[in-house]
Amino acid sequence: MTKAFQTLKGMRDVLPPESARRRALVDRFASAGTLAGYGEVVVPLVEELGVFERVGEATDVVTKEMYDFTDRDGTQIALRPEVTAGVVRAFVQHRPLVPWKVWYSGTNFRHERPQKGRYRMFDQVGVEVLGVDDPDVDAEVIALAVAFFAELGLRRVRLLINSLGDHGDRERYTEAVRAHLEARRAELSEAARDTLGRNPLRVLDSKRAEDAEAVRTAPVVADFLSDDAAGHYQRVLAGLDALGIEYEEAPRLVRGLDYYRRTTFEFVADALDAAQNAVGGGGRYDGLAEDLGGPPTDGIGFALGVDRLLLTCDAEGVFDAPQHTLDAFVVDLVGGDAARDLTHLLRANGFAADRRFGGGSMKAQMKAADRSAARVAIIVGEDEVAACEVTLRPLRDDGSSQRRVARSALVDELRAFLQ
Ligand code: AMP
């Protein structure tokens, strides 16, 4: 027997009507971004491996989860595990005027252990702002995400925020955390001991019981902030207060990617299971442009997981799939020419119209019309053909009754009916 192929592990098909919901979510995000002065940026799904390696040499996303391979011409490339690196690479390549405010939507790949809300191929929407160090832009970016959650109808998404300080602050802090954890090495989980050598801050993300005590007593970055970084952070918090945005300061929020500086934040959905409840996160990455061969440039952005946002919407019972209904369904009882021609005519005039193929009885065709949720059936039988007319039969119980109209007047009559 011929093999029936299935999707790869951790990858999913998205079919209607769920696909319509996903599309609607991205469209909402696009209009929110556009209204705030962000233009769409589209960057490749694959980049030279180095683009991502620069970004997080010591992160799992880059060291363990990347889909990297050698191209047929010998170039080392990778499917993108996130979008920011590509956007900053594009910034360095094209040198657009700053401030450069962009939004994106698209697919990423990470070779993770799949589970609900964690896939090997997943979508994100996000924004990036390059060339602005004003803390008010941090508040703007966060406000954009928060307003987006509200627009989806979500009520139980919390904002966690922290500052990682500047490069030097972060280094001093990392060393303090390393020393703290090294002193407790014996009690740590094996995974934490392994991570400790490469990236001590990552250990603070550990959810393992053995690591809990060491994590709880670890130094907090707030004690290592320079005056500049502390001032920046206070201005961001003041901005959030002014905009009425609730937040929780999370002194141990460090996030996975190495390039984060200063403001860092995460959005947590209380409606999801704790293991997979991060619906998005972001922060400043001052220095990333330089790491990718460009001029020193401040940057900030966030990425939201589309799949997890939709799961959150399910859990909160909001943002249903949009109901796509038809205006008209053509029912042709005399050979199919009318179905072909009228459906085409209606579509050409801007109506949402459909038909059944292969003809069939009145009953079968009306059933298809009902299932399509069209507002009206356009029926063509022997009588109608003889009189150059069609019957317009309302399919919803709105009190209007069926009537015959001249075929030449169909477009106008239908328009009037649908008003
Ligand atoms: P990150 O780029 O790791 O900061 O992720 C940003 C957001 O993308 C997370 O908060 C998740 O909502 C989502 N995300 C990350 N990895 C996955 C994954 N493997 N599957 C589904 N969503 C993910």
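One-based numbering along the sequence shown. Just so you know, ligand 1 is whichever comes first in the structure, and atom 1 is the first atom listed for that ligand.
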Exercise. Taking N or O atoms only and a 3.5 Å limit, does Gly280 qualify as a polar contact for ligand 1?
Worked result: yes
For this session: With atom 2 (O) of ligand 1 as the reference point, say which of His111, Glu82, Arg110 has the nearest heavy atom.
Result: Arg110
Seminar exercise, completed: Residues at least two apart in sequence or cross-chain that pass salt bridge (Lys or Arg N to Asp or Glu O under 4.0 Å) with Arg23, listed by chain then number, are none
Problem set entry | Asp169/Arg262 salt bridge by N-O under 4.0 Å criterion | no
Exercise. Going by the atom numbers of ligand 1, which of them fall below 4.0 Å from some non-hydrogen atom of Glu112?
Worked result: 16 (N), 17 (C), 18 (C), 19 (N)
Problem set entry | Under 3.5 Å: N/O of Val279 near N/O of ligand 1 | yes
Exercise. Do Tyr119 and ligand 1 have an N or O pair less than 3.5 Å apart?
Worked result: yes
Problem set entry | Where ligand 1 meets Gly117 - atom numbers and elements under 4.0 angstrom, heavy-atom basis | 20 (N), 21 (C), 22 (N)
Exercise. When you measure from the side chain of Arg120 to the backbone N and O of Glu112, does any donor-acceptor pair fall under 3.5 Å?
Worked result: yes
Exercise. Which atoms of ligand 1 have any heavy atom of Gly305 under 4.0 Å away?
Worked result: 7 (C), 8 (O), 12 (O), 13 (C)
For this session: Could you tell me whether Asp166 and Arg261 have a side-chain N and a carboxylate O separated by less than 4.0 Å?
Result: no
Problem set entry | Element-labelled atoms of ligand 1 that are located less than 4.0 Å from some non-hydrogen atom of Ala278 | 9 (C), 10 (O), 11 (C), 12 (O)
Exercise. Do the side chain of Asp194 and the main chain of Glu190 share a donor and acceptor less than 3.5 angstrom apart?
Worked result: no
Exercise. Please, which pairs that meet side-chain hydrogen bond (donor to acceptor under 3.5 Å, both in side chains) have at least one residue in residues 89-106, sequence neighbours excluded?
Worked result: Glu47-Arg89, Arg89-Gln93, Lys101-Glu140
For this session: Could you check which of Glu65, Gln276, Gln124, Glu266 puts a non-hydrogen atom nearest to atom 7 (C) of ligand 1?
Result: Gln124
Problem set entry | SB check Arg185 Glu182 (cutoff 4.0 Å) | yes
